[in-house]
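First the structure, in the form of structure tokens, and then the observations on it.
Naming convention: chains lettered A, B, ... in sequence-line order (proteins, then strands); numbering from 1 in each chain.
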Protein chains: 2
Amino acid sequence: MDGKDHDPIADLIVTYNELNSSFIEELHEEPSALEFMRFVARNTPFVVRGGAANWKATQTWTAEHLSNFLGDETVNVAVTPFGNADAPTIHPQTGSLVFAKPHEEDQPFSDFLAYVIHQEKTQGLRKSEVRYAQTQNDNLRQEYLSLYSHVPPTIPWARIALSSLSDQEAKPEAINLWIGNSLSTTALHKDNYENVYVQIRGRKHFVLLPPHCLPCVNESELKSGGYVRRQHQKTGGGDEEKGETGEEEGEGQKGGELELVMEKENDEETGKEKDVTVPFAIWDPDKPEENATRYSKLAEPMRVTLEEGDMLYLPAMWYHKVSQSCSQGGICVAVNYWYDMDFTGPLYPFTSFVRAVNQQQQKYHQ
Amino acid sequence: MDGKDHDPIADLIVTYNELNSSFIEELHEEPSALEFMRFVARNTPFVVRGGAANWKATQTWTAEHLSNFLGDETVNVAVTPFGNADAPTIHPQTGSLVFAKPHEEDQPFSDFLAYVIHQEKTQGLRKSEVRYAQTQNDNLRQEYLSLYSHVPPTIPWARIALSSLSDQEAKPEAINLWIGNSLSTTALHKDNYENVYVQIRGRKHFVLLPPHCLPCVNESELKSGGYVRRQHQKTGGGDEEKGETGEEEGEGQKGGELELVMEKENDEETGKEKDVTVPFAIWDPDKPEENATRYSKLAEPMRVTLEEGDMLYLPAMWYHKVSQSCSQGGICVAVNYWYDMDFTGPLYPFTSFVRAVNQQQQKYHQ
């Protein structure tokens, strides 16, 4: 390396920054399919302010309405101690950074929602476990099917634009409903989907980075674990907040505390047990000094807050960190549409190339 | 480097090849703006067979018609000994590979066209100088203005698709007319324009490579020179073909033989004269063993021949080598439309990144 001026990765990030704004483009009406396709071609996000203001969901989804509608139907809930579902987390015993997957359990919807709201409105419950309905498995057409008719079955401009020349219609690969409170944060990650994200209740705060910022996000192989709920200890235990959550526990909580259990798998070569690891970004643009790489400081994160009724186009492979604020009703509700991304063309191979060059650079710097 | 499997550049080329066809997509009617934009988004060429079949140009431009129309108006002609305008060329004295620019001179159009046709139809004239009307300076709206109304002023699907959200209309940056015979070849190069290329008379044979194939094309710093015509030698000289071209010389040729004169400039540091150099691809996909890099063999060139009335979308930054065959009338005529490319989004920075990484690799391999 001849220094920063001749570092291809640094030049890539700087050149992109010079040619592109780090402020998101704001539309005030939905784009045509062609206008949308121009953003897809540039792999560039935009927000449509008020684009979903007239949806039945936006008009009617209060906590009360949702509770009346879904009642005691059980839904899958992600449970974590800190709102850290699928997030880099300091392991409480070992002190090392690991990837923590949530404990998932079925809860009656009305109990789940009451817990979320009560926690949001009660400062003292900030340290109790956090619950988030966030199964990204097309849940709005599965367990929340009764709400599905309150949103459009597809986003017309995305459907038309992303369909192929052979007139094959682009259908949403998944439509996901997200219900939680301000204690849940989705850690910086990316998806191989074109994403239209729609805010229904509360506000969502996105921090966005384009795919080539991979060298900034410090993707690391983390040991992977998942929270499991210990059998309920009748003796109570030392958790201060536990008493206060007693009421919700009775309704929604199945048992005891959450324990982070690391995953193991068999090593085919040695036949012995080994840790399961996953590659994951450990740099947080909101704590830019921590876990930074030599390139992190060059990143110019794009920030956007979605208000109720706003729509975000989040292009394929963009990194996004998402935090949220609640409505006065104490909930945060969003719906997103995933469409298949196009793996032809330069974007996907180029992004893999950045990863490979970055890995090579890291080797030379070790 | 750990060998081919861990060479990021090789992986980039192979991954792209796996995900993309090396056969061009063929349409049989013009695309809509949206359909076109899908190709722009994928930075992928297509051909519209017969898309310009009904243009007045395609219907009427015979050699006779063009000659009648333009008559003795003078036009700018690129003159080279081998049809090698703007091409890597072995310097006849030094034997080294240099970049040769054509001699440019004004000639009466009817003389120019008669020379081109006569040469094409006369095997014996294959070694006489080659003339090509190929000024890429918007010549159809300048010196060939009288022909301009025979083609559309813009390509509607390109105009609509490439216009910006602010409704600023995309206008062709240049509309270029090309008239020559089968002795002219355009060497492999790329342009920072979106290009719609339309064949009017004869056939054009394109060899195409996507922008990330830069490491395959052996871009090298070549000393740059230009052909200049020597003052006519009354003694005649030893050129066998000279006698045969005498007739055309009287009409179209201004003087003596072409000499390749290298360009010099002042070195600001030393104050001395130095060679002017230009970076240029020296690998020829049609002679894949010559001037190859370690990556050339991984390239999968896309080949397409345009017939009369065909249109080609040549995406921004794609390498293209172009050779041609003549109509029965002995000419090859084409028109192309250049639209500004979009420098926002990932394509341009990514392509620069490939160049930088390639240069770094070359350093390590030296």
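With chain B as partner, the option from A:Ser32, A:Ala356, A:Ala41, A:Ala161 having the largest number of non-hydrogen pairs under 4.5 angstrom is A:Ala161. Contact count versus chain B (heavy atoms, under 4.5 Å) is highest, among A:Thr351, A:Val40, A:Leu19, for A:Leu19. Of the listed residues A:Ala33, A:Ser21, A:Pro349, A:Pro210, the one with more heavy-atom pairs under 4.5 angstrom with chain B than any other is A:Pro349.
Annotation: the span from A:Trp157 atom CH2 to B:Leu34 atom CG amounts to 13.5 Å, rounded to 0.5 Å. Rounded to the nearest 0.5 Å, atoms CE (B:Met37) and CZ (A:Phe39) are 10.5 Å apart. Between the CG atom in B:Leu347 and the CG atom in A:Leu347 there is a gap of 10.0 Å [rounded to 0.5 Å].
Under the 3.5 Å distance criterion, the side-chain polar atoms of B:Arg38 are matched with a main-chain donor or acceptor of A:Ser163. Formation of a donor-acceptor pair under 3.5 Å by the A:Asn20 side chain with backbone atoms of B:Thr344 is not found in this model.
Under the 30°/60° scheme for interplanar angles, the aromatic rings of B:Phe350 and A:His212 are found to stand perpendicular.
In this structure, the portions of A:Pro346 lying under 4.5 Å from any heavy atom of chain B include both its backbone and its side chain.
Partner of A:Gln360 under the side chain to side chain contact (heavy atoms under 4.5 Å, CB included) criterion, chosen from B:Gln361, B:His6, B:Gln360: B:Gln361. The only option from A:Thr15, A:Ile13, A:Val357 that meets the side chain to side chain contact (heavy atoms under 4.5 Å, CB included) definition with B:Phe353 turns out to be A:Val357.
Within 6.0 Å of OH in A:Tyr348 there are 12 or fewer heavy atoms belonging to other residues, nucleotides or ligands.
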